[in-house]
Amino acid sequence: MLDTWEAATKRALKAGFEIIEVHCAHGYLLHEFLSPLANSRTDEYGGSLENRMRFPLRVIERVRKTMPDDLPMFVRISAVDAMPGGWSQDDSVVFAAKAKALGADVIDCSTGGLRGYEGASFPGYQVPHTQRIKEETGILGMAVGLITDARHAEALVSANQTDLVALGREALFDPQWPNHARRELGQEVLDYSNWPIQSGHWLTGREKQLGHK
Ligand SMILES: Cc1cc2nc3c(=O)[nH]c(=O)nc-3n(C[C@H](O)[C@H](O)[C@H](O)COP(=O)(O)O)c2cc1C
């Protein structure tokens, strides 16, 4: 089974990806091992927290060993199930510390996804998970969840509540969000050199016409 994770990692590297994220969230296989809501095994992969973490940690170890040392490995978790009897933030701290010891660089904190989510949702609602795990384990953190405003994202990073911010639905709403954020945060002239030439050409001209410096 672990060989398939190694093979998938090699395919991703061959395809040119420079980050590999091991997905332990949202009810996917590794989350099913972690969460007591889904894991009903009675062997060494079920029961205690240590047992439930065993397979995901073995995957993390194998993926890390398959990757070059200079490429970062992210681990995405549902930091809480937010359901009675589910995976907890305390569990996430333990898991992140063990993942870090195996070479994970970044913990990417989402929530829920197994059987729903009974927690509150507001801009940045998942950030406290990232922040606590960062503080208690020293791993780098990524925050996601209703972060839509550039100044909010910047404030979260500046306050060391997270190291990275990820966008989901806001990127659907505004695919140019990173460029718009750069302008909102003070970079007046945008660099269009990486844009499709037919767009970059027009927009570079527009910057001049608008008198931007
Ligand atoms: C169209 C769509 C597809 C998504 N697919 C995945 C996925 O495959 N794996 C995953 O972990 N999260 C997935 N997500 C969740 C996002 O990664 C993100 O955690 C979530 O949307 C909350 O962030 P947001 O408020 O910025 O959208 C998806 C979200 C959207 C909108």
Side-chain angles (χ1 to χ4, degrees), residues 4-5 8-9 11-13 15-35 37-39 52-53 55-57 59-60 63-64 67 71-83 86-89 91-93 95-96 99 104-134 139-159 161-182 184-185:
T4 63
W5 293 85
T9 305
R11 283 197 300 276
L13 294 169
F17 287 97
E18 295 178 338
I19 296 170
I20 305 272
E21 181 167 76
V22 177
H23 203 312
C24 305
H26 296 174
Y28 291 113
L29 180 68
L30 299 183
H31 188 187
E32 291 177 38
F33 274 86
L34 293 173
S35 174
L37 296 178
N39 186 337
R52 283 181 279 118
M53 291 190 303
F55 182 65
L57 290 172
V59 169
I60 287 167
V63 170
R64 179 74 265 182
M67 292 174 62
L71 292 188
M73 183 172 76
F74 291 25
V75 174
R76 175 164 251 219
I77 57 170
S78 288
V80 293
D81 281 325
M83 300 282 289
W87 179 260
S88 71
Q89 195 188 61
D91 296 336
S92 289
V93 172
F95 183 62
D105 299 290
V106 175
I107 196 83
D108 167 12
C109 291
S110 186
T111 55
L114 259 185
R115 288 169 38 187
Y117 173 79
E118 293 181 356
S121 295
F122 51 86
Y125 66 102
Q126 293 172 148
V127 175
H129 304 302
T130 305
Q131 184 175 1
R132 181 178 164 207
I133 294 168
K134 261 174 66 62
I139 197 169
L140 297 174
M142 183 152 89
V144 67
L146 285 179
I147 300 168
T148 61
D149 180 79
R151 289 178 201 284
H152 182 208
E154 178 69 10
L156 294 172
V157 174
S158 298
Q161 291 173 272
T162 186
D163 299 284
L164 296 162
V165 168
L167 307 179
R169 292 161 293 182
E170 185 66 9
L172 298 179
F173 179 71
D174 177 8
Q176 292 298 337
W177 191 92
N179 285 314
H180 295 149
R182 280 199 299 176
E184 194 177 336
L185 295 174

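For ligands, and for the atoms within them, numbers begin at 1 and follow the listed sequence. Because only heavy atoms are used, hydrogens play no part in the values below, and waters and symmetry mates are left out as well, while side chains stay in.
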Could you list which atoms of ligand 1 come closer than 4.0 Å to a heavy atom of [X]?
X: V144; result: 18 (C), 19 (O), 23 (O)
X: H26; result: 10 (C), 11 (O), 12 (N)
X: L146; result: 24 (P), 25 (O), 26 (O)
X: L167; result: 26 (O)

| query | What is the ring orientation for Y28 with H23, classed by angle as parallel under 30°, tilted 30 to 60°, or perpendicular over 60°? | reply | perpendicular

In the protein, which heavy atom is nearest to [atom], and how far is it?
atom: atom 26 (O) of ligand 1; answer: G168 N, 2.8 Å
atom: atom 13 (C) of ligand 1; answer: R76 NH1, 4.2 Å
atom: atom 7 (C) of ligand 1; answer: Y28 OH, 4.3 Å
atom: atom 1 (C) of ligand 1; answer: L172 CD1, 4.3 Å

| message | Determine whether any protein heavy atom is located less than 4.0 Å from atom 31 (C) of ligand 1. | response | yes

| request: Apply the side-chain hydrogen bond (donor to acceptor under 3.5 Å, both in side chains) test between W87 and each candidate in S35, S92, S78; give the one that qualifies. | output: S92

| note | Heavy-atom proximity to atom 11 (O) of ligand 1 ranks first, among H31, E21, H23, E170, for H23

| said: Tell me the nearest of G145, S121, A143, P123 to atom 22 (C) of ligand 1, using heavy-atom distances. | reply: G145

| query | Hey, is R169 touching ligand 1 through its side chain, its backbone, both or neither, going by heavy atoms under 4.0 Å? | reply | both

Is any side-chain heavy atom of [X] closer than 4.5 Å to a side-chain heavy atom of [Y]?
X: D149; Y: E184; result: yes
X: F17; Y: L71; result: no
X: V144; Y: R76; result: yes

| query | With sequence neighbours left out, what residues match E154 under salt bridge (charged side-chain N to carboxylate O under 4.0 Å, His left out)? | reply | none

| request: Tell me, please, which residues at least two apart from D91 pass salt bridge (charged side-chain N to carboxylate O under 4.0 Å, His left out). | output: none

| request: Quick one: do E170 and T148 satisfy side-chain hydrogen bond (donor to acceptor under 3.5 Å, both in side chains)? Show the steps, please. | output: CA-CA 6 Å; E170 185 66 9; T148 61; 4.7 Å; no

